[in-house]
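The structure appears below as structure tokens.
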Amino acid sequence: MNEPIYVAFSTQKGGAGKTTLTVLTASYLHYIKGYNVAVVDCDFPQYSIKDMRERDMTSATSDDHYKAMAYEQFKRLQKKGLSRNRQQTGGRTRQCRQTC
């Protein structure tokens with residue numbers, strides 16, 4: 001079994017694009033490269049990635065156009081969507097190790 005690789009994006013400056021870079025990198029690694037990916041959002045209390053995923057999930061499940069786009073993407077890539085688990089800070093490392 002391969003050893004997990006940990007990647008972190010960090011800066012104290014807000015608005016630098018950490019969330020966008022994290023989501024795009026995770027999507028690329030999962031959908032294009034085929035890796036299992038665990039994303040840990042440590043930006044308490046903001047949790048931008050959680051909010052982004054909830055917004056995207058609402059759009060993808062309530063709008064017929066987005067439903068069709070998501071279906072075609074998953075069919076073409078032969079991949080399921082990234083799963084989402086939320087735990088408090090204490091369980092994040094354990095969950096990441098179990099997922100990876």
Side-chain angles (χ1 to χ4, degrees):
M1 184 166 154
N2 294 335
E3 288 294 315
I5 297 172
Y6 299 95
V7 178
F9 299 105
S10 175
T11 181
Q12 290 181 326
K13 183 186 180 313
K18 297 178 295 289
T19 299
T20 301
L21 182 61
T22 300
V23 170
L24 290 174
T25 301
S27 295
Y28 173 78
L29 291 172
H30 179 71
Y31 293 116
I32 305 301
K33 292 296 187 176
Y35 293 108
N36 291 326
V37 176
V39 174
V40 180
D41 187 355
C42 297
D43 191 9
F44 177 80
Q46 191 169 344
Y47 295 127
S48 299
I49 293 173
K50 177 193 81 70
D51 293 341
M52 182 184 292
R53 291 273 299 163
E54 287 177 357
R55 183 194 66 226
D56 291 349
M57 186 61 72
T58 299
S59 295
T61 56
S62 63
D63 184 288
D64 289 337
H65 176 72
Y66 289 125
K67 281 183 194 178
M69 287 177 60
Y71 173 79
E72 289 300 322
Q73 178 183 4
F74 294 137
K75 182 178 165 186
R76 180 175 46 86
L77 295 172
Q78 298 177 352
K79 282 281 209 181
K80 292 183 178 180
L82 291 169
S83 62
R84 182 185 64 164
N85 295 314
R86 182 170 182 224
Q87 290 186 354
Q88 295 302 320
T89 306
R92 291 182 192 278
T93 303
R94 182 181 67 252
Q95 179 183 359
C96 182
R97 287 187 179 136
Q98 290 172 348
T99 303
C100 295

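Here the structure is a predicted model, which is why all the values come from computation and not from measurement.
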Minimum heavy-atom distance between L21 and T25, given as atom pair plus value: O-OG1, 2.7 Å
Within one Ile-Leu-Val-Met-Phe-Trp-Tyr cluster: V39 and I32, side-chain cutoff 4.5 Å: yes
CZ (F9) with more than 12 external heavy atoms under 6.0 Å: yes
side-chain contact (heavy atoms from CB on, under 4.5 Å) partners of T11, counting only residues at least two apart: K13, A16, K18
Hydrophobic cluster membership, M52 vs V37, 4.5 Å side-chain cutoff: yes
Check: H30 side chain, Y35 main-chain N or O, donor-acceptor pair, under 3.5 Å: yes
Pairwise distance CG(L24) to OG1(T20) - rounded to 0.5 angstrom: 6.5 Å
Full working for side-chain contact (heavy atoms from CB on, under 4.5 Å) between S59 and D63: CA-CA 6 Å; S59 295; D63 184 288; 5.7 Å; no
